Amino acid sequence: MAIDWLPSVLIVTLLILAVIGGVRRANLWRAGQPEKVDIVAGLLALPKRYLQDLHHVVARDKYMSQSHVATAGGFVLSMILVLLVHVFGVSNRLLAGALLVALGLMFVGALFIAKRRLQPPSRLSKGPWMRLPKSLLTFAVTFFVLTLPMAGVLPEGTGNWLLTMILSAGIIISLSELLFGMTWGGPMKHAFAGALHLAFHRRPERFGGGRSTGLKPAALGGEVHGVAKPSDFKWNQLLGFDACVQCGKCEAMCPAFAAGQPLNPKKLIQDMVVGLAGGTDANYAGSPYPAGKGEARALGSAKGGADNVITAGLVDADTLWSCTTCRACVEECPMMIEHVDAIVDMRRFVTMEKGQTPNKGAQVLENIIATDNPNGYAPGSRTHWAADQNLPLMKDKQQVDVLFWVSDGAFDMRSQRILRAFVTLMKAAKVDVAILGDEERDCGDVARRLGDDASFQSLAKRNLATLSQYKFNKIVTTDPHAYHCLRNEYSDLDVNGVLSQGASGQAVEVLHHTTFLNHLVEQGLLNFERFSDTRMTYHDPCYLGRYNGEYEAPRELLRSLGINITEMARSGYRSRCCGGGGGAPITDIPGERRIADMRMADVTETGAELVAVGCQQCTAMLEGVVEPRPVVKDIAEILVGQLIEEVH
Amino acid sequence: MPLNIVSLVSVGRHPQSGRSRRAEQDGRAVEMGLKLAGQQLSVVHVGNPDEPVLRQYAGMGLSSLTVLKQADRFDAVPVLQRYLEQKNIDIVLTGVRSESGESSGMVPYLLAHALGWPVVARVADIVCVEKGEAQVLLALPRGQRRAVRVALPFIASLDLAAPPARQSAFGVGLRAKIETIESIGEVDQIRVDWQEAEAKPRAKRLKTVKAKTAAERFKAATAKPQGDAGKVLINETTQQKAQAIFDLLLEEKVIR
C-alpha cells in the first residue's frame, strides 16, 4: 500500500468511535431499573454460555449455525490478528498467515450468509440486514489483500494510489459496519449487546440446561405498577431487547402472528429498542404487526422514548393482549430474549394502573377478587363435582401422601370428566390422596397473566396459608397452569417454606398428573388393556412442555397402552399453542383465524382420529373447533377407558 | 361552570361468596359522576375509613375519597344530610338500594326529604345538564326509557341499566387519599334492634309453559303488559286526579 500508516489510523479511529458508541449504548441501558447481577461471574460464564447454551439453540438450524460459526469465529479471530498485525505492527509471517486463514474462513461463512439473503424467508428483516453480508465480504477481501504483503505472498509496498484508495474505502466501509455499527445501532449491534446480554441475563438459571419460566413478582405499593415506560424495565431487560438479531424465528413460531392477531414478537422487541433509544420505527424492515381487526399502522407512526408511556404511541395495547404466553418465541430465540416477561410487565401497567384489561378481563378479575374463581361461582360449590367420588378432605385427614389440587376445572362440566377419570385411576392404584375441597382457591394463573399481580399474590399467599395447615409429600394436579404456578411461581411468595418442607421433611414434589400416573404405571400399580388401533397424536400443552420440560411422561403413558403416537410437525418444544393460555380467550383479540383451528389443522394433518392432551384448557380450546374433527381426550380419560380393575 | 356532583358509595356484597365488594349500583353512580364531572367528582362513604372496598371505588380513577367516619350502629342519613347541606351541590348520585345492611332503598328518599330536593329514581342515564336543568333517562322494564327534565339540585338513584362501572385499577386505588371526617351520629335504633339471619331460599314457583311456539315465547318475553285498566287524566281537575289515584290505591289495597 502506498501509505503504510493509513490502515492503522483508520482502524484505530473506528475502534475509538466504537468504544464511544459502546459507552453511549450502555448509558441507554442504565436508564432501566436496578437489578442485581453478578457482573464478574456473568462475564466469566460468557464464553460457555455463548458456545454451549446459545449454540445449542442456533444449531437447530444447521445451515445457519455453521455459517455463523465460520463467519463470527473468522471475524473475531481476524479482528484480533488485524489489531496485532496492522495496528501494533507485529511483523510475523506466521501471524499474517493465520490472519489470511481466518479471513478465508470468514469469507466462506459470509458467502453462505449472502446466499441466504438472495431469497430471504419472510421472517428475516431486510433493510440494513441485506447489506451486512456485503460488509462482511468487503472486510474479508480488503484485509486479505492488505495482509498479502505481510505474509510474504506479495512484495512489500505493492500497489499504487488506486489500490490504496480502494483498500481504504474497503476499510472504512467494512469497519463502519463491523466496529462502528456494532455500538451505534447497526445490524452488528447484536454481537455487542448479545454478548453482554448473555453475561448479564436476568434468568441465569437458563444456562447449563436449566429452566427458569416463572414470572417475577411485581413490586406492589410504588408510584407505578408494572412497566409504563421503557425506563421502568430492569436495565438488563433493556440490554436483552438490544441483543435481538431480527432472525424472526419468534415470528415464525408465534401462534398469534400466524392467526393474524396484531402481534409479532420480533417487531415488539424492535419497538422496545425504539423505546429505549428514542425515535420512531421508520427504519424497521421486517414483517409488521398483522392488521387484526383495525388498520395496520404505517411504519414510522410508532414513536417512543425512554420516558414515554409505551402504550401511548409506541405499542398498541391489543398487541400486548394478543400473546398467549406460550413461550414459543422464548424457546426459539437464539439470543435467549425474554419476550413473555416483557409483555406481562407491560400488561401489569395496563391492568393495575390504567384499569383497561380488554373484553371480559375486568369482569374475570373482579370475580377472582370476590369469589376466588374466574367465573364468579359460589366458593361453597367448589366440591360439588366430587359429591359421588368419596374423596377425603384435607381438613379431616390432616396428613396424606398426595394432595390432589383440583383447580378451577372443578366448576366446568367438561373438565370434571377429566377430574373423575384421574380420581378413578388414583383409587385403582390405592393412592393415599385427599383434596382441599372448598378451602382451595384459584391458583392465580389467570390473574397473573392478565397483569393483576396484586390478586395473584393475594391468592398465592392465601393458598400457601391453607397448605401450611396440612402435611403432605406431593401435590398433583391435572391443570398444567396450576402446576406451573405451584411449582415455579409460589416459591417467590413462600416465605414460611410451606412447599420446601413436606410431611417427610423433604421439599414438596409438585407433579402433573401425567408424570404422577407414569410413576404409578412404572411401579406396576396400574394395569391397562391395549388400546385398539386408533391413529393418535399428542398435543403438548405449553405450560407442561415448554414451561416445565415434561414431554416424555405423557408419551410413555400412551406407549404403555401400546399406542404408536403419530407426531405432529410441531410437537415437543415446538408444539403450537391451543390459544388458551395467558388469558387470551378472555381478552379475545380478533385476528383472521383462530389459533385453536390452526392447531386442529395440525392434528388433522397427521390423519389422527384422536388427539390426546394433558390440559383442561387445551381440551376446551380444541373441542371448541367445529366438527368434523378428531376426538379430543385427556390422557387420564384415555387411560381410564383401558383400566383393568381388580375385582375382589 | 363545572358541576358539583357527589356520588354516595356503600360496601357491596357478592351474591355468591357473600364477600365485600364494590356495589353494582354504587359503582354505576361513580361511573356516572365521572362522566358528568370528571376529576371534580367527590365520592362520599359513611362508615369505616379503613374499609378495603373503598380502594376498589378509588381505583376507578379518583384521587381522593371522603369518609364520614362513624360506627355501624349509627344512621347514615343525618350525617349525610349535614355534610351535603354545607356544600353547594348540584346532583347527588346513589344506588337504588345497598347490597348490605338494611338494604331498604330509603336513603335517597330520606335525604331528599331532609334536603327538600326531588328524587329521580332508577336513572339509566343523565344525558346533559344545561341552564340548571338536567335531561335524564329513566329505566323502565323491558329496556324502555322515559325522558324527563329535572331542575338542579336533585338526588338520582342509578338503575342497573346505567353504564356499568369501569375497571378498578389496583395502583390508582392504592394511592388515593382517603379523607376522614369525624362525625357525630345518631344511633339507628331500628337497625340495632334488627336481627339478621340467613335467608332461606324461596320455594320456586312451578313454571307452566303456555307458549307453544318460539314466536309466542318471544312475544311473551318482549311484549308490553296488556294492562287496559290504565287511565290517562290530563284535562281533569287536580281534585279528580287525586281521587283517581286514591281510588287506585284503595283498589290495590295499598291503603285500607
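The shown structure was predicted, so the numbers you read here are calculated from the model rather than taken from an experiment. Lettering follows sequence order; numbering is per chain, from 1.
Within a 6.0 Å sphere centred on CZ of B:Arg73, other residues, nucleotides and ligands contribute 12 heavy atoms or fewer. Heavy-atom contacts from other residues, nucleotides or ligands closer than 6.0 Å to CG of A:Asp492 number more than 12. The local environment of OH in B:Tyr83 is crowded, with over 12 non-hydrogen atoms from other residues, nucleotides or ligands closer than 6.0 Å. Within a 6.0 Å sphere centred on NZ of A:Lys395, heavy atoms belonging to other residues, nucleotides or ligands number 12 at most. In the displayed structure, A:Lys216 atom NZ is contacted under 6.0 Å by more than 12 heavy atoms of other residues, nucleotides or ligands. Within a 6.0 Å radius of CZ in B:Arg191, other residues, nucleotides and ligands contribute more than 12 heavy atoms. Other residues, nucleotides and ligands contribute only 12 or fewer heavy atoms inside 6.0 Å of the CG atom of B:Asn88. When the shell of 6.0 Å around CZ of B:Arg146 is examined, it contains 12 or fewer heavy atoms from other residues, nucleotides or ligands.
With respect to chain B, the highest number of heavy-atom pairs below 4.5 Å among A:Val350, A:Leu365, A:Asp372, A:Asn367 belongs to A:Asp372.
A:Gly221 and B:Leu174 get closest at one heavy-atom pair: CA-CD2, 3.5 Å. Across A:Ile369 and B:Arg19, no two heavy atoms sit closer than the pair O-NH1, 3.0 Å. Closest non-hydrogen pair, B:Gln16 versus A:Pro379, comes out as O-CD, 3.8 Å.
Proximity to chain B (any heavy atom under 4.5 Å) is shown, for A:Glu223, by both the backbone and the side chain. At a 4.5 Å heavy-atom cutoff, the contact between A:Tyr377 and chain B is made by backbone atoms alone. Residue A:Val224 touches chain B through its backbone alone, counting heavy-atom pairs closer than 4.5 Å. Proximity to chain B (any heavy atom under 4.5 Å) is shown, for A:Thr357, by both the backbone and the side chain. With a 4.5 angstrom heavy-atom cutoff, B:Arg175 touches chain A only via side-chain atoms.
Between B:Phe170 and A:Asp453 there is no side-chain heavy-atom pair separated by less than 4.5 Å.
The main-chain N or O of A:Ala370 is found under 3.5 Å from a side-chain atom of B:Ser17 such that the two form a donor-acceptor pair.
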> Are A:Glu366 and B:His14 close enough, and set up right, to give a side-chain contact (heavy atoms from CB on, under 4.5 Å), and what steps lead you there?
Replying inline: CA-CA 10 Å; A:Glu366 213 161 300; B:His14 194 278; over 6 Å; no
